[in-house]
**Student:** 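Handing you a structure now.
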Amino acid sequence: MTKRKGLILLVLVIIGIIIGIKFSEKGYTTKPYIKEDVLFDTYVTVKAFGENKGEVEKAVEEAFKEMKRIQNLMDFFNPESEVSKINQSNQKVKISQDTAQVIKLSLLYGKKTNGAFNIAVGPLVSLWNFGEGGLLPEEEELNKALSLVDLKSITLGEEARTVQLLKPEMKIDLGGIAKGYATDKAIEILKRHRITQALVTTGSTTKVIGLKPDKKPWQVGIEHPRDTEKLIGVLSATNESISTSGDYQRYFEKDNKRYHHILNPKTGMPAKEIMSVTVVTKKSCAEADILSTAIFVMGYSKGMDFVKKEKGLEAVIVTLDGKVHISLGLKNKIKNLLEEI
Ligand code: AMP
Ligand code: MG
């Protein structure tokens with residue numbers, strides 16, 4: 001190779017490298033940055049768009065850290081968590097702002113849903129032990145646990161920085177709201193990093209902000225409660241919280257009967273009538289999480305009435321007979337909707 005040719009080749013290589021660097025600096029403007037991990041005993045996914053590659057990656061990293069922090073505070077099964085500290089004591093326990101906010105919202109919705117959402121289900125959750133496969137409780141144990149499921153015996157102190165459980169052996173469980181709250185906090189972190197187009201999914205709880213770069217809404221699949229390969233429809237969403245509660249998420253079968261993790265606080269037994277509830281709302285994801293659990297407990301008729309009365313709340317309910325029911329506001333927002341499963 002002549003000196004001249006060598007020089008040209010060198011220049012071309014350098015130009016190539018510069019173009020390569022420039023291209024990689026372009027950031028996540030057409031394809032999102034995607035990160036997945038396991039938190040809250042489920043899959044967590046964050047997808048974020050943004051021009052500044054480094055900032056998008058840093059924001060997503062921080063969003064995951066934040067969700068892990070929330071998990072460490074609210075994990076019912078971790079003896080070191082703040083929730084466990086509350087459950088191990090009958091005195092006033094000092095709590096973080098996050099736990100206080102989550103308890104406050106839970107108590108508010110406890111009233112609003114007429115006790116369908118009840119964070120005092122802790123003793124029932126321990127008894128059923130779905131975390132480790134599940135166990136059918138004896139009637140006596142069930143009655144004892146039920147006597148402790150009492151929302152009125154949870155007292156939040158002034159300015160909500162302490163909490164006290166008034167009955168010995170009472171326990172709170174934030175499993176019906178913590179994932180939604182963590183999703184809200186993750187979105188908050190992304191927004192703080194000037195990300196305006198993102199999706200965060202924690203298990204069956206999703207929040208989306210903005211539109212995708214093609215100016216179209218996000219597409220969120222609604223899980224089929226009996227076939228993981230299928231969907232019951234695909235929802236178009238922007239700036240919305242979506243949460244699904246289902247009898248297929250944690251359950252065991254005994255004598256051909258399915259026992260699942262969404263408990264009726266009045267009977268101590270798994271709530272009947274419904275296979276899955278998906279709520280769609282502009283409210284926070286913590287509220288969406290609460291509401292999917294609560295509507296599941298209410299059953300189809302009371303649940304759909306609640307949806308109709310509550311402003312800015314829509315739902316897809318699959319009843320045990322396999323029928324798929326949707327509230328009016330979702331009529332043109334779900335593609336490929338099954339009428340029956
Ligand atoms: P989700 O998956 O959001 O519907 O929440 C279900 C989880 O919430 C269960 O695994 C329990 O930890 C807890 N839970 C069960 N039943 C209730 C209830 N009626 N009210 C509040 N939390 C509940
Ligand atoms: Mg929930």
Side-chain angles (χ1 to χ4, degrees), residues 18-71 178-224 228-244 278-289 292 314 316 330 332-337:
I18 291 171
I19 290 173
I21 291 173
K22 272 281 156 217
F23 191 72
S24 67
E25 274 176 358
K26 246 189 107 206
Y28 299 99
T29 49
T30 51
K31 280 193 180 152
Y33 176 58
I34 304 177
K35 190 175 153 77
E36 290 177 332
D37 208 342
V38 173
L39 285 174
F40 298 96
D41 207 15
T42 186
Y43 295 103
V44 179
T45 307
V46 177
K47 291 185 188 179
F49 290 100
E51 276 174 18
N52 186 323
K53 192 171 182 281
E55 178 141 30
V56 172
E57 288 172 8
K58 190 164 166 240
V60 172
E61 212 57 54
E62 282 184 23
F64 268 93
K65 257 196 213 152
E66 177 71 352
M67 289 191 274
K68 201 166 173 72
R69 185 179 72 82
I70 304 299
Q71 174 191 257
K179 293 195 284 287
Y181 181 75
T183 305
D184 285 328
K185 296 299 282 187
I187 290 280
E188 239 175 62
I189 298 277
L190 298 180
K191 281 184 175 167
R192 215 175 291 156
H193 283 272
R194 288 173 298 168
I195 289 174
T196 55
Q197 300 161 292
L199 170 149
V200 177
T201 295
T202 311
S204 301
T205 307
T206 298
K207 187 164 182 165
V208 290
I209 54 167
L211 296 165
K212 291 186 290 147
D214 58 9
K215 307 266 188 293
K216 293 197 174 131
W218 295 87
Q219 302 297 305
V220 181
I222 303 174
E223 289 170 3
H224 188 297
T228 49
E229 307 275 298
K230 290 186 189 157
L231 295 172
I232 54 173
V234 179
L235 176 82
S236 292
T238 173
N239 301 319
E240 267 156 329
S241 301
I242 301 129
S243 172
T244 298
T278 302
V279 305
V280 184
T281 180
K282 298 272 180 203
K283 296 177 199 282
S284 68
C285 210
E287 287 167 286
D289 197 354
S292 65
E314 304 295 338
V316 181
L330 289 180
N332 299 315
K333 287 183 75 180
I334 305 176
K335 274 189 277 187
N336 303 331
L337 180 72

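No hydrogens, no waters, no symmetry mates; every other heavy atom, side chains included, goes into these values.
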**Student:** Output yes when a side-chain donor or acceptor of Glu36 lies under 3.5 Å from a complementary backbone atom of Thr45, and no otherwise.
**Tutor:** no
**Student:** Closer than 3.5 angstrom, by distance alone: can the side chain of Thr206 be matched with the main-chain N or O of Ile242 as a donor-acceptor pair?
**Tutor:** no
**Student:** Between CG of Asp41 and CD of Gln71, what distance do you get to the nearest 0.5 Å?
**Tutor:** 8.5 Å
**Student:** To the nearest 0.5 Å, tell me how far Lys216 NZ sits from Thr238 OG1.
**Tutor:** 14.5 Å
**Student:** Can we say Glu57 and Lys35 salt-bridge, meaning some charged N sits less than 4.0 Å from an Asp/Glu carboxylate O?
**Tutor:** no
**Student:** Salt bridge or not for Glu240 and Lys333, using N-O below 4.0 Å?
**Tutor:** yes
**Student:** Return the minimal non-hydrogen interatomic distance between Ala63 and Leu190, and the atom names on each side.
**Tutor:** CB-CD2, 4.0 Å
**Student:** Would one find more than 12 heavy atoms of other residues, nucleotides or ligands at under 6.0 Å from atom CZ of Arg194?
**Tutor:** no
**Student:** Surrounding NZ of Lys47 (heavy atoms of other residues, nucleotides or ligands, distance under 6.0 Å), is the total greater than 12?
**Tutor:** no
**Student:** State, yes or no, whether a side-chain contact exists between Gln219 and Lys335 at a heavy-atom distance under 4.5 Å.
**Tutor:** yes
**Student:** Show, in sequence, the C-alpha distance, side-chain angles and deciding distance for Val46 and Phe64, and conclude whether the side chain to side chain contact (heavy atoms under 4.5 Å, CB included) test is met.
**Tutor:** CA-CA 8 Å; Val46 177; Phe64 268 93; 3.5 Å; yes
**Student:** How long is the gap from CD on Glu223 to OG1 on Thr244, to the nearest 0.5 Å?
**Tutor:** 6.0 Å
**Student:** Out of Thr201, Ile70, Thr42, which one pairs with Lys179 under the side chain to side chain contact (heavy atoms under 4.5 Å, CB included) rule?
**Tutor:** Thr42
**Student:** Working to the nearest 0.5 angstrom, can you tell me the gap between Lys68 NZ and Phe40 CZ?
**Tutor:** 10.0 Å
**Student:** Ignoring hydrogens and geometry, is there a side-chain-to-backbone donor-acceptor pair from Trp218 to Ile209 under 3.5 Å?
**Tutor:** yes
**Student:** Would you say the side chains of Glu314 and Thr281 form a donor-acceptor pair under 3.5 Å?
**Tutor:** no
**Student:** Would you call Lys191 and Glu188 a salt bridge, taking side-chain N to carboxylate O under 4.0 Å as the test?
**Tutor:** no
**Student:** Starting at OG1 of Thr205, measure out to CG of Asp289 and round the result to the nearest 0.5 Å.
**Tutor:** 4.0 Å
**Student:** Between Tyr43 and Val38, does the side chain to side chain contact (heavy atoms under 4.5 Å, CB included) criterion hold? Intermediate values first, please.
**Tutor:** CA-CA 5 Å; Tyr43 295 103; Val38 173; 3.9 Å; yes
**Student:** Using a strict cut-off of less than 4.0 Å between a Lys/Arg side-chain nitrogen and an Asp/Glu carboxylate oxygen, indicate whether Glu61 and Lys58 qualify as a salt bridge.
**Tutor:** no
**Student:** Might you work through the side chain to side chain contact (heavy atoms under 4.5 Å, CB included) test for Tyr28 and Lys53, ending with a clear yes or no?
**Tutor:** CA-CA 6 Å; Tyr28 299 99; Lys53 192 171 182 281; 3.6 Å; yes
**Student:** If every non-hydrogen atom of Leu211 is compared with every non-hydrogen atom of Gln197, which pair is closest and at what distance?
**Tutor:** O-NE2, 2.9 Å
**Student:** Contact between Val279 and Ser292 at the side-chain level, heavy atoms closer than 4.5 Å - yes or no?
**Tutor:** yes
**Student:** Check each of Ser243, Cys285, Ser284, Ser241 against Thr183 using the side chain to side chain contact (heavy atoms under 4.5 Å, CB included) test, and report the only one that passes.
**Tutor:** Cys285
**Student:** Quick one: closest heavy-atom pair of Ala59 and Ile195, and the distance?
**Tutor:** CB-CD1, 3.6 Å
**Student:** Is Thr202 close to Val44 at the side-chain level, that is, under 4.5 Å between some pair of heavy atoms?
**Tutor:** yes
**Student:** Calculate, to the nearest 0.5 Å, the distance between atoms CG and OG belonging to Leu330 and Ser236 respectively.
**Tutor:** 10.5 Å
